[in-house]
Protein chains: 2
Amino acid sequence: MPQSPVSQSDPLREQIIAQFDGMSAQLQQAARYVLEHPEEVALVSMRELARLAAVQPATMTRLAKVLGFQGYNEIRAHYAETVRQRNDGFAAKVRQRDAQAASPPDSDIAYHMLHGLSAQMAALCEPEPLKRLTAMAERLAAAKKVYVLGLRSSHVVAWHFHYVMSLLGERSVHLDGPAGTGGDALIRAKPDEVVLVVSIKPYALDTLTLAQLAKEKGLAILSITDSEVSPLAGISEHTIYCATESYSFFHTLTPALAVSEVLCTLLAEFDRPSALKALQDADDHLAHLNTYSNTLPRRE
Amino acid sequence: MPQSPVSQSDPLREQIIAQFDGMSAQLQQAARYVLEHPEEVALVSMRELARLAAVQPATMTRLAKVLGFQGYNEIRAHYAETVRQRNDGFAAKVRQRDAQAASPPDSDIAYHMLHGLSAQMAALCEPEPLKRLTAMAERLAAAKKVYVLGLRSSHVVAWHFHYVMSLLGERSVHLDGPAGTGGDALIRAKPDEVVLVVSIKPYALDTLTLAQLAKEKGLAILSITDSEVSPLAGISEHTIYCATESYSFFHTLTPALAVSEVLCTLLAEFDRPSALKALQDADDHLAHLNTYSNTLPRRE
DNA sequence: AATTCAATAAAACAAATGGATCATTGTTTT
DNA sequence: AAAACAATGATCCATTTGTTTTATTGAATT
């Protein structure tokens with residue numbers, strides 16, 4: 001019999017307790033059931049809840065009004081929300097803070113977005129995703145060459161992966177180019193090479209087409225995508241799933257980028273000495289070109 | 001909306017995935033939403049769920065039948081039960097503990113990286129960074145035009161910001177181009193415009209030079225960088241600091257990308273209706289061009 | 001003991017829900 | 001090209017839902 005508290009501090013719960021003594025017998029009976037089975041409120045209809053609490057349906061409506069709500073649905077909405085929040089707050093240790101207190105209203109959105117991202121990173125720390133990450137890294141390490149494909153918003157991830165890989169060595173080819181020439185590099189592709197495909201919803205048609213073409217040429221497909229039912233899942237030898245939901249109307253690419261960074265690191269780690277050497281070479285090269293600086297250039 | 005944890009092992013989930021390929025387009029769309037938002041199934045009505053999944057109500061009924069249920073209510077009942085069980089089973093926390101003990105050795109690195117990233121995201125939730133984020137978003141919103149500058153590894157962030165902004169409207173110009181032409185767009189820059197500069201250590205000299213040039217032309221500099229002593233800090237009207245340390249020899253750009261995403265969202269949020277309209281227009285445009293697809297193209 | 005008044009139960013209601021039917025569309029097969 | 005087919009969208013229906021209204025009970029006050 002589940003009756004664990006929805007969460008330690010629930011303002012509505014406190015309110016019900018505070019008003020409890022002033023309620024009539026039937027109201028108390030209804031309130032008691034709500035306190036003891038908060039999830040049920042979100043999960044069943046009002047009449048069903050009334051039946052479970054052995055109370056008239058109307059009593060639930062009255063309870064809502066007594067608590068200052070306009071109707072019963074507002075109570076249900078509240079408990080539904082707590083269920084939702086408990087669900088994505090499985091990295092809940094982070095949820096201690098009441099930062100909004102002294103913050104401007106707009107930063108609510110920012111707070112929620114960043115908080116959610118933090119949780120999504122934490123989700124990638126689970127054994128299953130970790131296993132997939134290492135497996136894919138190993139497959140990448142074994143490949144003669146890695147073609148990197150990601151269009152539209154996924155371009156950021158593909159580009160980043162390619163950029164880092166190109167610092168590390170020569171094995172990476174970025175499938176991108178003007179006027180639809182992006183796929184041309186695949187012309188001479190051989191079966192001992194692989195394609196790393198990045199695509200999240202909405203899936204770019206060109207990405208899917210190129211991926212399929214590559215597969216038909218015998219290349220292994222490794223993909224970073226957003227769900228088990230992504231069109232890429234079916235044709236991929238390895239797949240890593242990363243969340244893309246955020247508290248805005250955009251999808252987020254941050255978890256995907258994190259995945260890319262982890263892959264790069266694991267790849268480098270497989271052969272640490274030569275990775276370090278490659279980075280050193282790159283450093284030297286760029287130093288000669290005066291690519292970097294720690295201070296603003298002086299203006300004459 | 002928050003994203004759901006890929007739940008550990010749910011037989012129904014597996015079944016949906018198994019049958020997914022055999023479903024029609026609409027059924028897939030419905031199924032996809034169910035997979036991605038399992039708790040919503042338990043929390044809202046069928047019609048509401050259909051609305052959220054952008055699908056006809058009847059499609060949900062059909063989905064139920066395809067999955068072998070007698071009616072939709074059986075699906076809801078299943079997910080309601082899942083929610084109930086998750087509630088009293090805070091044994092889940094314990095499960096996480098011993099599970100990560102049995103992880104493969106290589107995933108230690110991955111685990112630490114991701115864990116660290118999660119913490120860095122959480123750090124951005126502090127009041128101080130939030131204040132800086134909103135302040136910068138307001139400044140960006142006030143500007144007539146936004147030039148976006150980020151080279152080398154910072155390119156990812158700059159490109160992403162520009163990409164999203166270009167979906168939203170016309171105010172963004174990406175300072176990038178072949179053969180060092182990247183800065184040319186600044187030629188006609190006017191003082192009521194701003195430059196968003198992204199640069200982390202090592203700081204690309206070209207970035208600093210262009211930023212300084214812009215400042216001399218009277219443009220405001222807004223920067224995303226990695227420390228208070230970054231060369232950009234001194235010349236910027238607003239600065240956002242984000243961590244770049246990771247458990248590898250690379251610096252991480254994930255927090256910077258997150259910052260970019262938050263900025264985009266806040267900007268859109270300032271004028272939500274027109275942002276939604278712009279996105280709708282972009283959607284329509286891309287739909288006409290057949291840019292996206294949910295399934296692999298058929299090969300003849 | 002009669003009256004008042006709040007609390008409860010019962011009934012009635014409109015709105016919504018889940019489900020079924022049928023016409024239309026788009027695709028595949030002949 | 002026509003026919004057959006499945007998929008989709010629109011409409012309709014019987015239930016169920018949350019809520020309001022009305023009637024009944026029961027206790028407290030006079």
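Atom set for the values below is all heavy atoms of this structure, side chains included, hydrogens, waters and symmetry mates excluded. Each chain gets a letter, A, B and so on, in the order the sequences are listed, and its residues count up from 1.
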Residue-level proximity of residues 22-31 of chain B to DNA chain D when a heavy atom falls under 4.0 Å
B/Ser24, B/Ala25, B/Gln26
Donor-acceptor under 3.5 Å ([X] side chain, [Y] main chain):
X	Y	result
A/Thr207	A/Ser199	no
B/Arg84	A/Glu39	no
B/Thr265	B/Glu269	no
B/Gln29	B/Ala54	yes
A/Ser260	A/Ala256	no

Once Watson-Crick and G-U wobble pairs under 3.5 Å are found, how is DNA chain C written in dot-bracket notation, 5' to 3', with | for any base paired to another strand?
.|||||||||||||||||||||||||||||
Residues of residues 46-68 of chain A with a heavy atom under 4.0 Å from any atom of DNA chain C, listed by number, are A/Arg47, A/Gln56, A/Arg62
Examine the side chains of [X] and [Y] and answer whether a donor and an acceptor come within less than 3.5 Å of each other.
X	Y	result
A/Gln19	A/Gln15	yes
A/Thr209	A/Asp206	no
A/Thr252	B/Glu261	yes

Check for me whether the distance between the ring centres of A/His174 and A/His155 falls short of 6.0 Å.
yes
Nearest-0.5 Å distance, CG of residue A/Leu219 to OH of residue A/Tyr147:
6.5 Å
Point-to-point distance, once rounded to the nearest 0.5 Å, from OG1 of A/Thr254 to CE of A/Met121:
6.0 Å
Nearest-Å distance for atom pair OH/P, residues B/Tyr72 and C/dA20
15 Å
Roughly, in whole Å, what's the span from CZ in B/Arg76 to C1' in C/dG18?
10 Å
From the 5' end of DNA chain D to its 3' end, which nucleotides mark the outer limits of contact with chain A, defined by a 4.0 Å heavy-atom distance cut-off (strictly under)?
D/dT17 to D/dT21
Show me, pair by pair, the donor-acceptor contacts under 3.5 angstrom made by side chains of residues 231-239 of chain A, not counting sequence neighbours?
from     : atom 1 : to       : atom 2 : distance (Å)
A/Ser236 : OG     : A/Ser223 : OG     : 2.7
A/Ser236 : OG     : A/Leu232 : O      : 2.6
A/Glu237 : OE2    : A/Arg139 : NE     : 2.7

Pairs flagged by salt bridge (Lys or Arg N to Asp or Glu O under 4.0 Å) wherever residues 189-202 of chain A is involved - sequence neighbours left out
A/Lys201-B/Glu36
